[in-house]
Peer 1: 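One structure follows; several queries about it will come next.
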Amino acid sequence: MGMVNKMDGTSEQVAFRGDLLSGKTAIVTGASRGIGAAIAHRLCEAGANVVLCSRSAESVAQIADTLQRKGYTAFSTAADISRKEDVESLIEKTIEQFSGIDILVNNAGITRDMLLMRLKDEDWDAVLQTNLTGTMYCTRAVLRPMIRQKGGRIINISSVVGLIGNAGQANYAAAKAGIIGLTKAIAKEVGSRGITVNAIAPGFITTDMTAQIPEANQDQLLELIPLRAFGHPEDVADAVCFLASDAARYITGQVLQVDGGMVM
């Protein structure tokens, strides 16, 4: 099901075609909750075989079990994308199971928020290693199999913070901005091989993280958003589903903002 906003400001669910991504195999990193779990669900609804990964084996297994009970082809595996050996194992397991990889969604990420003057080196390193280097590891690992099969879709989850910055998030903003640069560079490298590489920059999305923001601060944030509402994980998942489909075959090297108009 997809989320569609109506003229009266409410939203309703719409069905995805079950054959939109039929026969395709997708990997979704950071799929144990929030946006990652929603992306995995959407890709399954569209007919893809989905491999969900996360550092938390138990959490991601629960999401995969839920999808399997609905009749979808979903498998889970534990992987820390900041570790090159974990990424290589993830790709090998996926190819063994499905003989190829058609879609990679680089969603995994962490935060270690602090004003730069107080930011510890290890917190800078951890965020850059997972959010940016981890995205590079996964992207690099799928390029050979995608080139062999003469096509593929790589979709990187960046953030509006990577476009405009945010106080207290220098490490996170730098990593997310780096993902945008990585996206554009790789799109130019592999476009001739039939592989598209795009990024999505979510704005404020209702997740466990945003739920912790005090109500007064949430009201201030809403004033910055022309649509006067926070997005849902499904809004990002719908954008991923579009970029993964043949409808986006002529789109590459782009950043699609899913932010209610916050950044223009």
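Numbers here simply count residues along the sequence, with the first being 1. Nothing here was measured: the structure is a model prediction, and the numbers come from that model.
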Peer 1: Is there a path of hydrophobic side-chain contacts, each under 4.5 Å between heavy atoms of I/L/V/M/F/W/Y residues, joining Ile179 to Ile39?
Peer 2: no
Peer 1: Restricting to non-hydrogen atoms, name the atom on Ala126 and the atom on Ile110 that form the minimum distance, rounded to 0.1 Å.
Peer 2: O-CD1, 3.6 Å
Peer 1: Using a cut-off of 6.0 Å, state whether more than 12 heavy atoms not belonging to Met136 lie near its atom CE.
Peer 2: yes
Peer 1: Side-chain contact, heavy-atom cut-off 4.5 Å: Arg140 with Lys84?
Peer 2: yes
Peer 1: State, with a plain yes or no, whether a side-chain heavy atom of His41 is found less than 4.5 Å away from one of Lys70.
Peer 2: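 When only atoms from C-beta onward are counted, Lys70 and His41 do touch, with a gap below 4.5 Å.
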Peer 1: As a test of understanding, state which of Val105, Leu143, Ile103 forms a side-chain contact (heavy atoms from CB on, under 4.5 Å) with Ile154.
Peer 2: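 Between Ile154 and the candidates, side-chain contact (heavy atoms from CB on, under 4.5 Å) is satisfied uniquely by Leu143.
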Peer 1: Is any side-chain heavy atom of Arg153 closer than 4.5 Å to one of Leu243?
Peer 2: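 Leu243 vs Arg153: side chains apart.
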Peer 1: Would you say Ile251 and Ile186 are hydrophobically clustered, going by side-chain heavy atoms of ILVMFWY under 4.5 Å?
Peer 2: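 Unlinked, Ile251 and Ile186 end up in two clusters.
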Peer 1: To the nearest 0.5 angstrom, please state how far the CZ atom of Phe98 sits from the NZ atom of Lys24.
Peer 2: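 With rounding to 0.5 Å, CZ (Phe98) is 14.5 Å from NZ (Lys24).
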Peer 1: Could you tell me the separation between the CD atom of Gln149 and the OG1 atom of Thr25, rounded to the nearest 0.5 Å?
Peer 2: 8.5 Å
Peer 1: Tell me, yes or no, whether the heavy-atom count around Arg228 atom CZ, taken from other residues, nucleotides or ligands under 6.0 Å, exceeds 12.
Peer 2: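 Count over threshold, so yes.
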Peer 1: With rounding to the nearest 0.5 Å, note down the distance linking CD1 in Ile27 to CG in Leu52.
Peer 2: 10.5 Å
Peer 1: Grouping I, L, V, M, F, W and Y whenever their side-chain heavy atoms are under 4.5 Å apart, do Met146 and Ile81 come out in a common cluster?
Peer 2: yes
Peer 1: What distance separates Ile35 CD1 from Asp235 CG, expressed to the nearest 0.5 Å?
Peer 2: 9.5 Å
Peer 1: Checking Leu67 against Val50 for the side chain to side chain contact (heavy atoms under 4.5 Å, CB included) test, could you report, in this order, the C-alpha distance in whole Å, the side-chain angles of both residues, the deciding distance, and whether it holds?
Peer 2: CA-CA 10 Å; Leu67 293 170; Val50 181; 5.7 Å; no
Peer 1: For Glu215, does the CD atom sit with more than 12 other heavy atoms under 6.0 Å from it, leaving out its own atoms?
Peer 2: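 No, CD of Glu215 has 12 or fewer neighbouring heavy atoms, counting only those of other groups under 6.0 Å.
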Peer 1: Within a radius of less than 6.0 Å around CD of Glu58, do more than 12 heavy atoms belonging to other residues, nucleotides or ligands occur?
Peer 2: no
Peer 1: Mark yes when over 12 heavy atoms from residues, nucleotides or ligands other than Lys184 sit less than 6.0 Å from its NZ; otherwise mark no.
Peer 2: yes
Peer 1: Aromatic rings Phe204 and Phe230: how do their planes relate, parallel, tilted or perpendicular, breaks at 30° and 60°?
Peer 2: tilted
Peer 1: Verify the cluster assignment for Tyr137 and Leu90: are they in a single hydrophobic cluster under the rule of side-chain heavy atoms below 4.5 Å apart?
Peer 2: yes
Peer 1: What about Ile225 and Val255, same hydrophobic cluster or not, with Ile/Leu/Val/Met/Phe/Trp/Tyr joined at side-chain heavy-atom distances under 4.5 Å?
Peer 2: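 Yes, it is one cluster - the side chains of Ile225 and Val255 are joined through contacts under 4.5 Å.
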Peer 1: Could you verify whether a donor N or O on one side chain and an acceptor N or O on the other, from Thr135 and Asn156, lie under 3.5 Å apart?
Peer 2: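 Side-chain D/A pair, Thr135 to Asn156: absent.
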Peer 1: Salt bridge check, Arg42 against Glu45: does any charged N sit closer than 4.0 Å to a carboxylate O?
Peer 2: yes
Peer 1: To the nearest 0.5 Å, what is the distance between CG (Asn171) and CG (Asp121)?
Peer 2: 11.5 Å
Peer 1: Shortest non-hydrogen contact from Ala175 to Leu132?
Peer 2: O-CD1, 4.0 Å
Peer 1: What is the distance from atom CD1 of Ile157 to atom NZ of Lys176, rounded to the nearest 0.5 Å?
Peer 2: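 Output value for this atom pair is 7.5 Å.
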Peer 1: Would you say the side chain of Pro233 lies within less than 4.5 Å of the side chain of Thr206, judging by non-hydrogen atoms?
Peer 2: yes
Peer 1: Taking all non-hydrogen atoms of both residues, which atom of Ala177 and which atom of Gly162 are closest, and how far apart?
Peer 2: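 For Ala177 and Gly162, the tightest heavy-atom pair comes out as CB-O, 3.4 Å.
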